[in-house]
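To start, I am sharing the structure in question, which I have written as structure tokens.
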Amino acid sequence: MENTTIMVVDDSPFASKQIKDIVEENGYEVIGYAKNGEEGVRMYDELKPDIVILDIIMPGIDGLETAQILMKNNPKVKILMLSSLCDTGTLEEVKGIGLKFLIPKPWEDDVLLATLEMLKKQGEK
Amino acid sequence: MSDVDVIELFDKAFYEVTKKLVKIDFEKTSDEREKGEQSLLNQGCRELIETKGSVNSVVVCQFSEELYRFITTAMNCGELPSEDELHLYLNEYMNIICGFAVSQMNNLTGTKSRLSVPEYFQEGELLDVSFQKKQRQRITYESKYGALHVFLFYSFQND
């Protein structure tokens, strides 16, 4: 069975490396990193990952706008939002654009993995 | 929201998140003996982040050289990042700490403030000081890797 593939969109190498370390120990494969939203949109079209992990606060277009572009172009895209700003208002904004998952930075590894599992099953029959 | 709450929230964030991220303890100190504020704001390695919304603020951190090297090394699994990437690690450190503080502030008050992308200033780069008209507070921490000075300039939307 093939690993679930992930693309990380985050301007922080710290976050990208931490995510890679934890998810690749748990049956996922990180197939791409993008440092900003524009790069993330382009890279998604090339790589077609199963899941996108997307930071909200980034230079250029932020994660919320990037998510909206990805969802418009790819209605079945699965996105996990990450943010240091993880208050109820931000969660409402995430829900407002049609996404379900937001986890805080710094994250707990078990929360990240459990959320990825939920995303993986999303849309499965 | 009182002034004290803002300072307490940032103080808690710096202490707790630093401990979680890089496993060092900060001790808050009196900074009477330290150099002048203007001098610290314009020397060494600094990070700046802004909040906009119910609280409009500028947070500037000034790191001792040993401390910023320790923090970035710890965040990069024990290896000092390259000069090209070093600021990205400090940016993330600021982003996580200030995000933690602002999230708590937003949840406690039911208001909304947003964070900017952090900016890194290296030795020799001057900060724009126009924000200094706001209310100001300073917190100084000591650690075994040197000092961190946190300057908070802020105002409330309804001030």
Side-chain angles (χ1 to χ4, degrees), chain A residues 8-25 30 33-40 53-67 81-97 102-112, chain B residues 9 13-14 16-23 47 49-55 59 71-120:
Chain A
V8 181
V9 186
D10 194 318
D11 57 319
S12 161
F14 168 70
S16 299
K17 285 176 189 172
Q18 295 271 313
I19 289 168
K20 180 180 168 66
D21 286 350
I22 184 65
V23 302
E24 292 198 340
E25 283 173 9
V30 177
Y33 302 101
K35 291 175 186 164
N36 56 54
E38 292 90 340
E39 193 179 332
I53 299 180
L54 181 52
D55 186 28
I56 292 183
I57 302 171
M58 291 187 292
I61 59 172
D62 68 18
L64 291 169
E65 200 178 335
T66 304
M81 302 300 292
L82 280 181
S83 184
S84 64
L85 198 58
C86 215
D87 56 348
T88 51
T90 306
L91 184 57
E92 289 305 316
E93 283 184 89
V94 168
K95 285 182 180 172
I97 64 167
L102 168 68
I103 64 171
K105 285 181 169 183
W107 57 81
E108 299 294 338
D109 289 345
D110 54 353
V111 172
L112 174 66
Chain B
L9 288 172
F14 272 95
E16 289 187 5
V17 180
T18 300
K19 188 162 189 165
K20 180 168 184 174
L21 275 183
V22 298
K23 299 182 175 47
E47 281 276 335
I49 195 166
E50 291 184 74
T51 71
K52 291 203 166 83
S54 61
V55 178
V59 183
I71 289 171
T72 52
T73 299
M75 290 176 74
N76 191 35
C77 306
E79 190 178 333
L80 184 67
S82 67
E83 287 298 318
D84 289 346
E85 283 200 326
L86 199 138
H87 72 284
L88 296 173
Y89 285 83
L90 272 190
N91 284 356
E92 185 70 350
Y93 174 76
M94 281 293 275
N95 173 43
I96 292 174
I97 287 177
C98 294
F100 183 90
V102 174
S103 297
Q104 291 209 319
M105 195 160 64
N106 287 346
N107 283 339
L108 285 170
T109 60
T111 58
K112 197 169 175 178
S113 297
R114 288 285 167 259
L115 275 181
S116 69
V117 175
E119 290 178 73
Y120 173 72

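A, B, ... follow the sequence lines: proteins, then strands. Residue 1 opens every chain.
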### Message
Under 4.5 Å from any heavy atom of chain A, what part of B/Asn95 do you find: side chain, backbone, both or neither?
### Response
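Both backbone and side chain.
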### salt bridge (Lys or Arg N to Asp or Glu O under 4.0 Å): pairs with one or both residues in residues 99-115 of chain B, sequence neighbours excluded
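The answer is A/Asp87-B/Arg114, A/Glu93-B/Lys112, A/Glu93-B/Arg114.
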#### Entry: Any pair counted as salt bridge (Lys or Arg N to Asp or Glu O under 4.0 Å), so long as it reaches residues 72-99 of chain B, sequence neighbours left out
A/Lys105-B/Glu92
### Task
Examine the side chains of B/Tyr120 and B/Asn91 and answer whether a donor and an acceptor come within less than 3.5 Å of each other.
no
### B/Ile96, part contacting chain A, at a heavy-atom distance under 4.5 Å
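Contact with chain A is through both the backbone and side chain of B/Ile96.
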#### Entry: Structural part of B/Ser116 lying under 4.5 Å from a heavy atom of chain A
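Backbone only.
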### Query
Charged N to carboxylate O under 4.0 angstrom, A/Lys20 versus A/Glu24?
yes
### Segment of A/Thr90 engaging chain B (4.5 angstrom heavy-atom cut-off)
both
